[in-house]
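Take a look at the structure below.
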Amino acid sequence: MSSELHIHNTLSREKEKFVALHPPLVGLYSCGPTVYGDAHLGHARQAITFDVVYRYLMHLGYKVRYVRNITDVGHLENDADEGEDKIQVKARLEELEPMEVVQHYMNRYHDNMRSLEVLPPSIEPRASGHIIEQQELIRKIMEAGFAYEAGGSVYFDVEKFNRHHPYGQLSGRRIEDLLSNTRSLDGQSEKRNPLDFALWKKADPTHIMRWPSAWSEGYPGWHLECSAMSTKYLGMEFDIHGGGMDLLFPHHECEIAQNVAGYGKPSVRYWMHNNLITINGQKMGRSLNNFILLDELFTGDHELLEQAYAPMTVRFFILQAHYRSTLDFSNEALKASEKGLDRLLTALDRLEKLKGGKTSTLDVDGLATRCVDAMNDDLNTPVLIGHLFDGVKWINRLAEGQENLTADDLGKLKFLYSDYVHNILGLRPSEAESAAGTEGLSSGLMDLILEIRSGAKANKDFQTADQIRDALSALGIVVKDRKDGADWEFKEQA
RNA sequence: GGUCGGUUGGCCGAGUGGCUAGGCACCGGUCUGCAAAACCGGGUACUGCGGUUCGAAUCCGCAACCGACCUCCA
């Protein structure tokens, strides 16, 4: 593929050339978490996938407005008719204000995201802060005749909508199939049709989160917030909407219907969906209760974990698979990522110390082209990483004098690596390493210690030399003897 | 049941009509006081059966198995 960005559009099920609506601006929206619990590996995949989309678009020179919402109201436990709000349930169980629950898990989500080097979005709107906008959209949908009130609640009339606009295009469903598959309600429902979904729910007396409206004191339906908030911040039409594949139906399908019903046209040009993390071949999810929390990964505190994994290991693990493929969790795979990442980052350190020569024996421009092509081909990070490892071999050979690069080419290579590894993939050395760095006190001390050790080695006093190396190893520092002196680095933590 | 997707070597995971993906693990070698790292070399692969083709892991058909969505789920 050439040097233009193509992304797989769920709407067409094909890779399409990306054309921004209003270059250099790009509007990007992705569905954030419902904050009633801690984030697990699946949340990390979603966040990292669209973090890379965000980073890469910026790399290409676009001015991106990235909106990632926080669902803090309206997400029900069950079927829209009988379920209770997830946050309300949690609040009741823990005897907290719903907003205390929201704040608590939102803070923890942000901590997790920071650890994973996920950039904060441009705007992080919360559903509870946009009740007016959501009510306004309901009004528009009702005016257009695609919603009805029943008992103080308002429902979207899917069947009527489908008579004027196709419903189910995104998820590839036909309304007839859906109808024949829905279980029959026992007549208690206010909905005219089982496919209808709630835009506004009347609050029962025990419900804490409630707002006045023309229909009842109540709260908005889950699907509504994304339509209302994306329109508010990105306009009636914007470039990319992302989310996990499990949100495709009904969430995103309903979102499209709401926008078409309320504003007369669909809002999103490119729909992108990341695939799920599996564990023992099965989807990792809250409903299956087989998830591993990010905090558990970072501490190793989970029965399925053989060790703790650094956030960067988790990030690298996720980036080593294409976002549209399932990715199977296993200790073996995580450990392989840990080592691979270490190899990549160590090479990056070595690269910084290299000096240019008179000739070049390697094709840096060719490597750069392969890297761009990989990313332009639907954000193919695993292929990109494969190319970067080709370069790792180069770097190591350069360091050992088996290859040469001119200062000019070396500069290009350094720029390439820092650009892709740091800026686009968002991979950074662990905090212990960057905190100590290669400068400052610890660096000076290490120079001193290694100098003493090298003196001992010169005198064939290997006992002393090994004693120093073992002692440093116990402190988590690895000494590597090279031809021209010794090098050192921190051991991978955990 | 409906719709969609997958099945690649010891593990993870790309790719694609003919050219080594890559990482990890493993084996041999070089270097080294030893070790680590690095470098060089090596083996094991495309679920099965048919078809199209000069040539298929890659396209088509059938079968088996696995999974996702159809209710909440990133």
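Bear in mind the structure is a predicted one, so any value in this text is a computation, not a measurement. Chain A is the first sequence line, chain B the second, and so forth, proteins listed ahead of strands; every chain is numbered from 1.
Between A:I318 atom CD1 and A:F329 atom CZ the span is 11.5 Å, to the nearest 0.5 Å. A distance of 12.5 Å separates OH of A:Y29 from CZ of A:F50, quoted to the nearest 0.5 Å. Atom CE of residue A:M209 and atom NZ of residue A:K201 lie 14.0 Å apart, to the nearest 0.5 angstrom. Interatomic distance, CG of A:L304 versus CD of A:E296, reported as 9.5 Å (0.5 Å rounding). Summarising the geometry, atom CG belonging to A:N193 is positioned 6.5 Å from atom CD1 belonging to A:I175; distances are rounded to the nearest 0.5 Å.
Taking the six-membered ring where the residue is Trp, the centroids of A:F156 and A:F161 are separated by under 6.0 Å.
Counting to the nearest Å, the P atom of B:A74 and the NE2 atom of A:H241 are 14 Å from each other. If you take CD of A:E306 and P of B:C24, they are 18 Å apart, rounded to a whole angstrom. Note: OH (A:Y323) to P (B:C12) measures 23 Å, nearest angstrom. In this entry the distance linking CG of A:L327 with P of B:C66 reads 21 Å, nearest Å. The distance from atom CG of A:L367 to atom P of B:G22 is 14 Å, rounded to the nearest whole Å. The interatomic distance linking A:I279 (CD1) with B:G67 (C1') rounds to 15 Å, in whole Å. In this structure, A:F291 places its CZ atom 18 Å from P of B:C72, rounding to the nearest Å. Rounded to whole Å, atom P of B:A14 lies 12 Å from atom NZ of A:K15.
Distance from the side chain of A:P382 is smallest to B:A14 among B:A14, B:A74, B:C72. Closest to the side chain of A:K283, from the set B:A25, B:A74, B:A14, is B:A74. For A:D246, the side-chain atoms get nearest to B:A74 when compared with the rest of B:G13, B:C72, B:A74. Nearest nucleotide to the side chain of A:K480, out of B:G67, B:C12, B:A37: B:A37. Distances from the side chain of A:F249 to the nucleotides B:G22, B:A74, B:C70 place B:C70 closest. With B:A74, B:G33, B:G23 as the candidates, the nucleotide lying closest to the side chain of A:R45 is B:A74.
Across B:G42 and B:G50, the matching C1' atoms stand 36 Å from one another, rounded to whole Å. Nucleotides B:C39 and B:G55 have their P atoms positioned 41 Å apart, rounded to a whole Å. Remark: the separation of the P atoms in B:U8 and B:A14 is 11 Å, to the nearest Å. For B:A74 and B:C70, the P atoms lie 12 Å apart once the distance is rounded to whole Å. Between B:U44 and B:G10, the distance separating the two P atoms is 11 Å to the nearest Å. On the P atoms, B:G29 is 14 Å away from B:C34, given to the nearest whole Å. Nucleotides B:G9 and B:A21, compared at atom C1', are 13 Å apart to the nearest Å. Comparing the C1' positions of B:U52 and B:C59 gives an interatomic distance of 8 Å, to the nearest angstrom.
Within the nucleic acid shown, A:H322 comes within 4.0 Å of sugar-phosphate atoms alone, with no base atom in reach, counting heavy atoms only. A:G340 comes within 4.0 angstrom of the backbone, heavy atoms only, and of no base. As judged by a 4.0 angstrom heavy-atom cut-off over every strand, A:L388 is placed among residues making no nucleic acid contact. Backbone-only engagement by A:L247 is indicated by non-hydrogen atom pairs under 4.0 Å involving sugar-phosphate atoms exclusively. Contact annotation for A:N274: base contact, defined as any heavy-atom pair under 4.0 Å involving a base atom.
For the pair A:R469 and A:F462, the cation-pi criterion (under 6.0 Å, within 45° of the ring axis) is not fulfilled. Seen from the ring of A:F249, A:R173 counts as a face-on cation partner, given the 6.0 Å and 45° thresholds.
Scanning for side-chain contact (heavy atoms from CB on, under 4.5 Å) contacts around A:S122 gives A:Y54, A:R65, A:Y66, with sequence neighbours left out. With sequence neighbours excluded, the residues that form a salt bridge (Lys or Arg N to Asp or Glu O under 4.0 Å) with A:E403 are A:R397. For A:K283, the side-chain hydrogen bond (donor to acceptor under 3.5 Å, both in side chains) criterion is met by no residue, not counting sequence neighbours.
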Pairs under 3.5 Å (N/O, protein and nucleotides 38-48 of chain B):
| from | atom 1 | to | atom 2 | distance (Å) |
| --- | --- | --- | --- | --- |
| B:A38 | O3' | A:N396 | ND2 | 3.0 |
| B:A38 | O2' | A:E400 | OE1 | 3.4 |
| B:A38 | O2' | A:E400 | OE2 | 2.6 |
| B:C39 | OP1 | A:N396 | ND2 | 3.2 |
| B:C39 | OP2 | A:R343 | NH1 | 3.3 |
| B:C39 | O3' | A:R397 | NH1 | 3.2 |
| B:C39 | O2' | A:Q402 | OE1 | 3.1 |
| B:C40 | OP1 | A:R397 | NH1 | 3.0 |

Just the atom pairs and distances: protein N or O near nucleotides 3-11 of chain B's N or O, under 3.5 Å.
| from | atom 1 | to | atom 2 | distance (Å) |
| --- | --- | --- | --- | --- |
| B:U3 | O2' | A:G172 | O | 3.4 |

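Residue side chain A:N380 does not reach the base of B:G15 through any donor-acceptor N/O pair under 3.5 Å, judged by distance alone.
Using modelled atom types, one side-chain atom of A:Q46 and one backbone atom of A:C31 make a donor-acceptor pair closer than 3.5 Å. For A:N404 (side chain) and A:T359 (main-chain N/O), no donor-acceptor pair under 3.5 Å exists by modelled atom type. A:R126 places no side-chain N or O within donor-acceptor distance of the main-chain N or O of A:N69, the cut-off being under 3.5 Å.
Remark on RNA chain B: of its neighbouring residues A:T346 and A:I277, the 5'-side contact belongs to A:T346, judged by nearest-heavy-atom nucleotide.
No option in A:D378, A:N274, A:N275, A:T381 other than A:D378 meets the side chain to side chain donor-acceptor pair (under 3.5 Å) test with A:Y323.
At B:G23, none of the side-chain N or O atoms of A:K335 fall inside 4.0 Å of OP1 or OP2 (strictly under the cut-off). An OP1 or OP2 oxygen of B:A35 is reached within less than 4.0 angstrom by no side-chain nitrogen or oxygen of A:R469. Phosphate proximity of B:C72 to A:K86: absent, as no side-chain N or O sits under 4.0 Å from OP1 or OP2. Contact check, A:S325 against B:A14: a side-chain N or O comes under 4.0 Å of OP1 or OP2.
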Notebook entry, point to check: Pairing of RNA chain B as dot-bracket, 5' to 3': ( ) intra-strand, [ ] crossing, | other strand, . unpaired, with Watson-Crick or G-U pairs under 3.5 Å?
Noted result: (((((((..(((.....[...))).(((((.......)))))....(((((..]....))))))))))))....
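The aromatic ring of A:F462 stacks onto the base of B:G33, its centre lying under 5.5 Å from the centre of the six-membered base ring with the two planes under 30° apart.
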